[in-house]
Amino acid sequence: MPHPTTPPVGVQEPVLRVQMDEGIATLTLNRPAKLNSLDPELVCRLADAWEQMAADPAVRVVIVTGAGDRAFCTGADLGRLIPLFTGARPPQDEWDQRLQADPRLLDKALLRRTDYTVPVIAAVRGFALAGGMELLLGTDLRIAAEDSEFGLTEVTRGIIPAGGGLARLARQVPWAKAAEIVLVGDRISAQSAAEMGLVNRLVPSVHVLDEAMQLARRMARNGPLAMRKAKEVMVSSNGLPFDEAYRIESRAAGVVMASADAMEGPRAFIEKRSPHFTGT
């Protein structure tokens, strides 16, 4: 996958790097010295980036990752973000002010929502802890390094994982496993995460981004409307009785079957060529 060039001397690295490559957007949390923890600026920029990706029809898949190999994300910056929310420190810059004025930006940054239909792949190296794991839980597919570690450690700090962790974890892994992760607060190994179905694939750390990109390229060949609608149904029907879930599924199928992509896919198969999907 493409790598960004080093910025000129004296130019500060952005806290969030955004790259586009043939329909695949890569968002890189870029605070490696702070283990890619979430400060107010990164929260705001990440929230904005998710909105931009959703609004751009050219984006087929998003990969989210962390700079360096020590951490995907270790959650809130305990010296910057949490004190702002608790009132222990006053707002000091435009990012503090914006986040204080709209605390929902943190929900958006962590994908704590039910209307985000763009497929998202997490590429994890190192630690995915606290809010970092909550962000992971908001993604759809997860590629992780064999030596990565995961955890919702908030209870050890006297707080709770309220960025989607409590609501999502027990829907994604068995109840007893979720309870142990949340209530004990210890980190778990990549192998344990894979065994309980929290991640899709484990690979050596040096191959994580390449593996995620290969998967994203495969997905980018699919019908974008079909993928977004399929994810919409999976999220919105989760936990509902079958009759309600089937109605949601049928409505989405009606939209997809009326699309140009639904005609293009079978036509391309018959003509023995690759389909040209437009998302319409």
Side-chain angles (χ1 to χ4, degrees), residues 1-4 6-7 11-19 25-50 52-53 62-85 93 95-96 99 105-112 120-139 141-154 156-157 159 161-165 187-190 193 198-199 202-213:
M1 63 183 296
H3 296 281
T6 302
V11 176
Q12 186 175 359
E13 277 260 7
V15 298
L16 181 70
R17 297 200 304 257
V18 180
Q19 296 170 263
T26 300
L27 306 183
T28 304
L29 283 59
N30 190 31
R31 302 183 74 225
K34 296 292 186 179
L35 300 180
N36 298 317
S37 59
L38 300 166
D39 70 349
E41 180 181 358
L42 182 52
V43 168
C44 292
R45 290 192 182 277
L46 190 55
D48 290 344
W50 289 127
Q52 292 162 7
M53 299 302 104
V62 180
I63 296 172
V64 60
T65 192
D69 57 9
R70 296 176 60 204
F72 169 73
C73 174
T74 54
D77 185 323
L78 296 180
R80 295 284 301 161
L81 191 64
I82 298 301
L84 181 67
F85 283 145
D93 57 27
W95 307 108
D96 288 356
L99 189 53
L105 287 170
L106 182 59
D107 288 347
K108 292 180 179 180
L110 296 179
L111 292 174
R112 186 177 183 252
V120 182
I121 301 171
V124 179
R125 294 176 297 180
F127 299 118
L129 304 176
M133 182 162 164
E134 293 186 288
L135 174 57
L136 176 89
L137 293 170
T139 67
L141 294 94
R142 298 106 188 224
I143 308 300
E146 295 166 335
D147 59 353
S148 55
E149 295 185 42
F150 304 83
L152 293 174
T153 56
E154 283 86 345
T156 69
R157 303 284 189 267
I159 54 180
R187 300 196 296 265
I188 64 170
S189 69
L198 188 63
V199 300
L202 297 181
V203 298
S205 181
V206 295
H207 298 317
V208 166
L209 290 175
D210 288 337
E211 186 77 12
M213 182 58 74

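Proximity of a side-chain donor or acceptor of Glu134 to a complementary backbone N or O of Gly163 within less than 3.5 Å is detected. Formation of a donor-acceptor pair under 3.5 Å by the Asp77 side chain with backbone atoms of Ser37 is not found in this model.
Here the closest heavy-atom approach between residue Thr139 and residue Ala122 is recorded as OG1-CB, 3.7 Å. Residue Leu136 comes nearest to Val124 through the heavy atom pair CD1-CG2, 3.6 Å, listed as atom of the first residue, atom of the second, then distance. For the residue pair Trp95 and Cys44, the shortest heavy atom distance occurs at CE3-CB, 3.6 Å. Leu137 approaches Arg142 most closely through the heavy-atom pair O-NH2, 3.3 Å. When every heavy atom of Phe150 is checked against every heavy atom of Ala144, the shortest pair comes out as CZ-CB, 3.8 Å. Scanning all heavy atoms of the two residues, the minimum distance from Leu202 to Ala145 falls at CD2-O, 4.1 Å.
One finds the CZ atom of Arg80 at 13.0 Å from the CG atom of Leu38 (value rounded to the nearest 0.5 Å). The CZ atom of Arg125 sits 10.5 Å away from atom CG of Asp147, with the distance rounded to the nearest 0.5 Å. The structure places CG of Asn36 at 7.0 Å from CG of Asn30, a figure rounded to the nearest 0.5 Å. How far CD of Glu211 is from CG of Leu209: 11.0 Å, rounded to the nearest 0.5 Å. Interatomic distance, CG of Leu78 versus CD1 of Ile159, reported as 6.5 Å (0.5 Å rounding). A distance of 6.5 Å separates CG of Leu27 from CG of Leu46, quoted to the nearest 0.5 Å.
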Item checked: Stepwise side-chain contact (heavy atoms from CB on, under 4.5 Å) test for Leu111 and Val64 -> CA-CA 12 Å; Leu111 292 174; Val64 60; over 6 Å; no
Note to self: Is there a salt bridge (charged side-chain N to carboxylate O under 4.0 Å, His left out) between Arg31 and Asp39? Walk through the geometry before answering.
What the structure shows: CA-CA 9 Å; Arg31 302 183 74 225; Asp39 70 349; 3.6 Å; yes
Margin query: side-chain contact (heavy atoms from CB on, under 4.5 Å) for Gln52 and Val18? Distances and angles first, verdict last.
Written below: CA-CA 11 Å; Gln52 292 162 7; Val18 180; 5.9 Å; no
Next item on the list: Walk me through it: do Met53 and Val120 pass the test side-chain contact (heavy atoms from CB on, under 4.5 Å)?
Entry: CA-CA 10 Å; Met53 299 302 104; Val120 182; over 6 Å; no
Checklist line | Check against side-chain contact (heavy atoms from CB on, under 4.5 Å), Leu42 and Leu81 | finding: CA-CA 10 Å; Leu42 182 52; Leu81 191 64; over 6 Å; no
Do any side-chain atoms of residues 65-76 form donor-acceptor pairs under 3.5 angstrom with protein atoms, and if so which ones, sequence neighbours left out?
residue, atom, partner, partner atom, Å
Thr65, OG1, Ala123, O, 2.8
Thr74, OG1, Leu35, O, 3.2

